[in-house]
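First the proteins, then the strands, lettered A, B, ... as listed; each starts at 1.
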Number of protein chains: 2
Amino acid sequence: MAKSALVQLDAETKVLEAPHDHKDELRLWLRLMTCNNLIEAEIRSRLRERFATTLPRFDLLAQLARAPDGMLLGELSQRMMVSAGNITGLVDRLVDSGQLHRVPLPTDRRAQVVKLTPAGRREFRKMAQEHEKWIATFFEGLSPDEIEVLLAGLSKLKLSVRAVVADRRPLTARGYPRPRGQTSVVR
Amino acid sequence: MAKSALVQLDAETKVLEAPHDHKDELRLWLRLMTCNNLIEAEIRSRLRERFATTLPRFDLLAQLARAPDGMLLGELSQRMMVSAGNITGLVDRLVDSGQLHRVPLPTDRRAQVVKLTPAGRREFRKMAQEHEKWIATFFEGLSPDEIEVLLAGLSKLKLSVRAVVADRRPLTARGYPRPRGQTSVVR
DNA sequence: AATTTTTAATTGATACATAAAATATCTAAA
DNA sequence: TTTAGATATTTTATGTATCAATTAAAAATT
């Protein structure tokens, strides 16, 4: 057997049978997770120390801050990528602490809209301002170019993951793929 | 005033007084988080469906799989970046389900080592093999080059974040910066 | 040797997260 | 108009997470 043929065969074998060991992908996933966890842990810690609040509470307020007319619990569930049952409890606690209030919908007695109270809006604005500065410092070791590159790469990754997930879990007629429990992976 | 001068002034003003609004950093953080959450949610879902287990359990087994002589609960806590109290419960459940066993340390009666049982090791090997394939598919939309670029960028980000965090929370004499509760941010 | 400090792990209270089941309501078709 | 199904939320059960407090043992001081 000629060498070129052998090489050819090897190349094909490689692609077909041992497509590579996926070690880089695994490393990339671990690194992504580490970065995420590092930043998230620090944000949680600062939210706690500075504002005596938590990340899920902050995230929920952030969603509502962009929705002057309020949001349905179901919308919150989708946007935040958490289950509906979780939202119920979170909203309960935020109502207790005076940052939110529930508004019944006259058109649909199953549903209800949640809105920020004036206090809630005021408090969120303060937190968001500091939060944005924190984020900036976390990235201060990267140049604007490097940030661009990461943005682009993660954008592509997002599409890649979504394609794989959607493939396994096809959309329903109305566009919500959830198997149960209402959690959507939209963002 | 000539137009060119005006443009020039604007550019300088931008650089000098409004160093930038940090919006790109914020977008990058959101995107990073989204990618992380998408992948993580899918892994959780598959671990549940295929192996009736959870991500924290899988992670703990993964740590132990690399430590043939077992690990202290405290080490697990640091490596996994979770609190000591959390590890206690997680280990309890894994012992109940027969994947782990606790081994008292003759040299230190406060501490104990946890090890995989043969069954635990066997089960983990199976899961890890599939897990690695899942990860590979999530990244299949990226070329090897793009993966390299992301790997490098996230590496730099990790350093950047660590620098900021360490700065705010300087190491103690013995090397553990934790304020309380034992959680370390080592990885 | 007695005391203090540090360390390792556990416990208890609370918050968040899921999936699954229950409840209530709305919509559309028989 | 009843009824079948879809939808919105809540409830329930369980697992995972934190922090703060506690126990027990070890190490360091005095």
Side-chain angles (χ1 to χ4, degrees), chain A residues 37 40-41 43-45 47-49 52-60 71-78 80-97 102 104-114 172-176 178-185, chain B residues 37 40-45 47-49 52-60 71-78 80-97 102-114 172-176 178-185:
Chain A
N37 295 167
E40 201 174 292
I43 292 175
R44 283 180 199 273
S45 157
L47 281 176
R48 177 183 182 77
E49 286 173 27
T53 192
T54 65
L55 188 52
R57 291 171 76 111
F58 178 81
D59 284 346
L60 199 151
M71 287 175 85
L72 297 174
L73 297 196
E75 293 182 84
L76 281 169
S77 165
Q78 291 174 215
M80 297 178 63
M81 302 198 279
V82 302
S83 71
N86 182 19
I87 295 293
T88 296
L90 254 181
V91 168
D92 284 348
R93 288 183 288 271
L94 285 165
V95 168
D96 284 349
S97 61
R102 287 178 149 111
L105 266 191
T107 58
D108 186 338
R109 280 182 306 175
R110 295 169 305 178
Q112 56 195 313
V113 158
V114 259
T172 67
R174 312 253 342 292
Y176 296 121
R178 285 295 98 189
R180 191 138 305 91
Q182 190 78 352
T183 311
S184 172
V185 183
Chain B
N37 294 167
E40 203 174 291
E42 187 64 12
I43 292 176
R44 282 180 199 275
S45 156
L47 280 176
R48 178 183 180 78
E49 286 173 28
T53 193
T54 66
L55 189 50
R57 291 171 75 112
F58 178 81
D59 284 346
L60 199 152
M71 287 176 87
L72 296 174
L73 297 200
E75 292 181 83
L76 282 169
S77 166
Q78 289 175 217
M80 296 178 64
M81 303 198 277
V82 301
S83 70
N86 182 18
I87 295 293
T88 296
L90 210 40
V91 168
D92 284 348
R93 287 184 290 270
L94 284 165
V95 168
D96 283 350
S97 61
R102 289 177 148 111
V103 182
L105 265 191
T107 59
D108 186 339
R109 279 185 307 175
R110 293 170 304 179
Q112 55 192 313
V113 159
V114 256
T172 68
R174 314 258 337 298
Y176 295 121
R178 287 293 99 190
R180 192 142 304 93
Q182 186 82 349
T183 311
S184 171
V185 183

Calculate the interatomic distance between A:Q112 atom CD and C:dA24 atom P; express it in whole Å.
15 Å
Side-chain heavy-atom pair B:R102, B:D92 within 4.5 angstrom cut-off:
yes
Over how many whole Å does the gap from A:N86 atom CG to C:dA15 atom P extend?
13 Å
Report yes or no: does B:S45 contribute a side-chain atom to a donor-acceptor pair with the main-chain N or O of B:A41 at less than 3.5 Å?
no
Any N or O donor-acceptor pair linking the side chain of A:R110 to the base of D:dT7 at under 3.5 Å?
yes
In whole angstroms, how far is the P atom of D:dT16 from the CE atom of B:M81?
17 Å
What is the distance, rounded to the nearest whole Å, between atom CG of B:L73 and atom P of D:dT23?
20 Å
DNA chain D nearest-nucleotide lookup for A:V113 and A:R48: closer to the 5′ end is A:V113
If the cut-off is 4.0 Å, is A:R109 near the phosphate of C:dC26, judged by side-chain N/O to OP1 or OP2?
yes
Taking the nucleotide of DNA chain C with the closest heavy atom to each, which residue, A:P106 or A:G89, is nearer the 5' end?
A:G89
Does B:S83 put a side-chain nitrogen or oxygen below 4.0 Å from OP1 or OP2 of D:dT18?
yes
Any side-chain N or O of A:R102 under 4.0 Å from OP1/OP2 of D:dT9?
no
Grab the CG-P distance between B:L72 and D:dA26 for me, whole Å please.
14 Å
Where do A:S77 and A:I87 come nearest, in terms of heavy atoms and distance?
CA-CG1, 3.7 Å
Would you check if A:R44 and A:R48 make a side-chain contact, meaning some heavy-atom pair closer than 4.5 Å?
no
Given side chain to side chain contact (heavy atoms under 4.5 Å, CB included), test A:R57 with A:L90 step by step and report yes or no.
CA-CA 7 Å; A:R57 291 171 76 111; A:L90 254 181; 4.1 Å; yes
Quickly work out the A:L105 CG to C:dC26 C1' distance and round it to whole Å.
13 Å
Between A:D108 and B:T88, name the one whose nearest nucleotide on DNA chain C is closer to the 5' end.
B:T88
Counting any heavy atom closer than 4.0 Å, what does B:R57 reach on the DNA or RNA strands: base, sugar-phosphate only, or nothing?
sugar-phosphate
Return no unless some side-chain N or O of A:T54 is found under 4.0 Å from OP1 or OP2 of C:dC16.
yes
From CG of B:L76 over to P of C:dA8, roughly how many Å is that when rounded to an integer?
13 Å
Classify the nucleic acid contact of B:L90 as base, sugar-phosphate or nothing, counting any heavy atom under 4.0 Å across all strands shown.
sugar-phosphate
Nearest heavy atom decides the nucleotide; on that basis, is A:A111 or A:D92 closer to the 5' end of DNA chain D?
A:A111
Rounded to the nearest angstrom, tell me the gap between atom CZ in B:R44 and atom C1' in C:dA17.
8 Å
